[in-house]
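In what follows, chains are A, B, ... by sequence order, proteins preceding strands, each numbered from 1.
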Amino acid sequence: MKSVLHRGPVAKLGDLSETRYWVYLLLFPSLILLLLVVAYPTLYGFVISVREMRLTRPALNGWVGARHYIAMMSDRVFWISLKNTAIWVTAAIAIEVTLGFIAAVALNRNVPGTKLFGVLILLPYFLPNVVAGHMWALLLDPRLGVINDLLVRIGVLSTYKAWFADPATALAATILVEAWHGFPFFALLFLAGLKGIPEDLYKAAAVDGAGPVRQFRLITVPMLRTVITAAVILRVISLVNSPDLLLVLTGGGPGNATQVLSLYAFQTAYREFNFGYAGALSVVMFVILMVFASLYIRFTQVTKE
Amino acid sequence: MQITKREFLVATAALALASGVRSASAATAISYWHHFASQSEVAGLMKIIELFGKSHPDITVTQESIPNSEYMAKVSSAVVAGGRPDTGMVIAERFADLTAMGALTDISERVNGWKEKANLPENRWTGMSQDGAIYAVPAYAFVDWMYYRKDYFEEAGLSGPPKTFEEFVTACQKLTDPAKGRYAFGMRGGAGAFKYVIDVMEAFGSPIVKDGQAAIDKSAAVEAITFYSSLFLKDKVVPPSAPNDSYRQIMEGFRTGQTAMVWHHTGSLIEISAALKPGVQFATAPMPAGPKAHIARVAYAGNGIMKDDNIDAAWDWISFWGEKDAAIALLEATGYFPASTAALDDERIKSNPIYQAASQTLDFGRLPNSFVGAAGWSENVVNPSFQSVLTGQLTSEQAVDRMIEGLETALR
């Protein structure tokens, strides 16, 4: 009886591990971290979006309610940024998914050299955005750019083109750079997904007379649905939130031709020091992403499996 | 060898004590944030740190380089979230924003009792003071001037650099030859374009801010924007990439021979001299005068105290920058013009013909516009508005309307 009453802390921990409360104990450290580095900044972002917070005019600071959100409705740069964000994300995702799928299918074939190509294809993703941005700024440079030189040599262009200086081509050029940088992310995830599809399914389908297109449509795509959904959501979040590539390539210009919401929020916060309005822009981005993610998950029915 | 638990504890305690004694006698360490990034700038900074270390062996300086475009983002984050450095670099354009957010410490009392103050005339302190209080010690100056290809000018039969905007346009037309891929002027239309847009507006007679109020003269400003954008739109004497060209592109254009003239400041002299032969391939000249005013900026830059924890050591460091030895070390490494008159009298400046244009500019040059909100308005309103004129999305009048509207909002 005495030994039961005076059990040590290790033994007590052992007892706790047998109960349903053990899971809460295991989640506790992660929960604390999440609260500190995710929940608190997010909530603080909501709070400053309804306050005036201009570092260079502290006398104006205080509660303003929905003033920033109302001002946003008549802010032409906000609407341009919203439109550009939609184009930027949709086009980049479409190109990246397509290229990623092609690369993954190619790498999934066990032919000699695929391991080496696998590493080469992943290289762009290893480059930091800023490095990739400077590299492409030089490749597309209107004076020294290799790509301009190649296009002139093969007769596509008559003279070197200033891709980022023309509003008609600036956004498209930045999307192509982003797609080059981001498609290995999809290739990697799709390849992992493809490796998990049993070969027998394809063999059985072939016996039943299904050609490559039907096999792709009826086996590959459904089996990869969860991976595609997760990858698209992660990439959309990353694209909406990351202004660094555009900051390096165009700074949102010329005019506001490549201005997107994340870059606009960054410039508002760190050039105008208007953290209140920048906070409101960030809240709008947060809401857009939440709505997108829930609709997308519902549409793809990925949680019903 | 085996150590007993007791021996281990004693040894640990002895080590802890020894490290405590060491740190107690160690030099005062101060941190310094700056936006020097090029090889020459970093070499100049290291030389200054070395000289400072010799004269102040009891103080160590830990420097941190922050890209110029991100400097204010980092400082403002430090002001909001904590983590300020002891000292930091201050340029005239950012002074108003820095003081408004409370990033700098008032050092008037220390400056007034400083013997080197006599070498820094009143105009050096104007951009570093507010309401009679001094917040930074001037160290060097960016003096605006024009670099021009001497060989191209001779080839085109031009006797010398243009002195007025009228002569500038004439020279541009003579120097441009698209067949050779040669353009007369490396216009900055990308990041940093606002600087010259504002200069041209003032050269056509439009002020920007007066007594804290927006003061743009619309007709003069429209005339200025029309003149400046015509170089790209009508005369086609600037490279087609101008709407996105920032510092790197205009310098590359000049160094590689694509352009014959470029407007910048004394800070790029070393970089250009490394690619082109001074006095033979290129020379320098004061900025051309506009129809109403001769505008060139003389922007003094210096250093301020951002945290009071080690204020004596911090003062020693920032005031050292204002002395002759530091100024000459920086000049030799970077070409940055000294703020100290003692350093300006040095033979290395007086006898070098390439510096004559900068010395002339010191006589008429103006300080940059400095008001709270200047950085945001310049970069977020002036830049995109002017770019939109270059790309045909806005007329000069519409662009000026946006600039006026943006300026009124920034000052509100």
Side-chain angles (χ1 to χ4, degrees), chain A residues 41 44 48 53-61 71 75-77 80 130 134 137-138 140-145 148 159-170 173-174 244 247-259 263-264 266-275 277-278, chain B residues 67 69-77 79-80 96-103 178 181 189-193 239-246 248-249 252-253 256 258-259 372-381 383-394 399 402 409-412:
Chain A
Y44 189 64
I48 63 170
M53 189 179 173
R54 291 168 69 178
L55 292 195
T56 51
R57 293 185 186 277
L60 299 175
N61 292 355
D75 178 356
R76 63 177 164 265
V77 183
I80 293 170
V130 175
H134 283 297
L138 281 173
L140 291 167
D141 190 276
R143 295 164 197 84
L144 316 160
N148 269 320
T159 55
Y160 283 19
K161 169 113 185 116
W163 300 95
F164 299 120
D166 182 350
T169 56
T174 55
D244 34 9
L247 194 63
V248 172
L249 291 172
T250 61
N256 286 305
T258 58
Q259 186 66 276
L263 186 57
Y264 187 39
F266 173 82
Q267 289 174 340
T268 305
Y270 292 113
R271 286 187 184 162
E272 292 176 18
F273 310 109
N274 189 346
F275 281 67
Y277 194 65
Chain B
S69 53
E70 311 311 321
Y71 188 72
M72 287 301 277
K74 178 126 182 173
V75 172
S76 54
S77 297
V79 168
V80 175
D97 283 336
L98 284 168
T99 46
M101 66 175 75
S241 55
N244 195 48
D245 283 353
S246 60
R248 183 182 67 78
Q249 289 84 4
E252 253 166 31
T256 56
Q258 187 198 30
T259 54
V372 175
W377 174 69
S378 307
E379 294 180 57
N380 291 357
V381 180
N383 260 13
S385 302
F386 181 64
Q387 285 178 334
S388 297
V389 176
L390 293 183
T391 54
Q393 294 163 302
L394 289 181
R402 285 198 183 174
T409 309
L411 292 168
R412 213 173 285 147

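- If you measure heavy-atom distances from B:Gln249 to chain A, the contacts under 4.5 Å come from both the backbone and the side chain.
- Contact of the A:Asn256 side chain with the B:Gln387 side chain is not registered, since no non-hydrogen atoms from C-beta on lie closer than 4.5 Å.
- Residue A:Ala269: no heavy atom, backbone or side chain, is found under 4.5 Å from chain B.
- Looking at A:Arg76 and B:Arg402, their side chains come closer than 4.5 Å, going by heavy atoms from C-beta outward.
- Counting all heavy atoms, side chain and backbone alike, A:Gly255 lies closest to B:Gln393 at CA-OE1, 4.3 Å.
- Of the atoms belonging to B:Asn383, not a single heavy atom falls under 4.5 Å from chain A.
- No part of A:Thr159 comes within reach of chain B, as not one of its non-hydrogen atoms sits under 4.5 angstrom from that chain.
- In this structure, A:Ala165 and B:Thr391 approach most closely via the heavy-atom pair O-CG2, 3.6 Å.
- Heavy-atom distances place both the backbone and the side chain of B:Ala375 under 4.5 Å from chain A.
- In this structure, chain A has no heavy atom under 4.5 Å from any part of B:Val389.
- Here the closest heavy-atom approach between residue A:Arg54 and residue B:Ala410 is recorded as NH2-O, 3.8 Å.
- In this model, a donor atom of one side chain and an acceptor atom of the other lie less than 3.5 Å apart for A:Arg143 and B:Ser241.
- Look at B:Arg248 and A:Asp141 and you find a salt bridge, because one of the NZ, NE, NH1 or NH2 atoms lies within 4.0 Å of a carboxylate O, short of that distance.
- A:Leu249 touches chain B through its backbone: at least one of N, CA, C or O sits under 4.5 Å from a heavy atom, while the side chain does not.
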Given side chain to side chain contact (heavy atoms under 4.5 Å, CB included), test B:Glu70 with A:Leu247 step by step and report yes or no. CA-CA 11 Å; B:Glu70 311 311 321; A:Leu247 194 63; 4.0 Å; yes
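- When each of A:Pro167, A:Ala162, A:Ala168 is checked for heavy-atom pairs under 4.5 Å with chain B, A:Pro167 comes out on top.
- Contact record, B:Pro243 with A:Pro254: CB-CB, 4.2 Å, taken as the closest heavy-atom pair.
- Heavy atoms of B:Thr409 lying under 4.5 Å from chain A belong exclusively to its backbone.
- Within the 4.5 angstrom heavy-atom criterion, no atom of B:Ser385 approaches chain A.
- With sequence neighbours excluded, the residues that form a side-chain hydrogen bond (donor to acceptor under 3.5 Å, both in side chains) with A:Asp166 are A:Lys161.
- With a threshold of 4.5 angstrom between heavy atoms, A:Phe266 approaches chain B through side-chain atoms but not through N, CA, C or O.
- Contacts between A:Phe273 and chain B at a heavy-atom distance below 4.5 Å involve the side chain alone, from C-beta outward.
- A:Gln267 approaches B:Asn380 most closely through the heavy-atom pair O-ND2, 3.4 Å.
- With sequence neighbours excluded, the residues that form a side-chain hydrogen bond (donor to acceptor under 3.5 Å, both in side chains) with A:Arg271 are B:Glu379.
- Between B:Glu252 and A:Leu138, the closest side-chain pair of non-hydrogen atoms falls below 4.5 Å.
- The minimum heavy-atom distance linking B:Met72 with A:Tyr270 is given by the pair CB-O, 4.3 Å.
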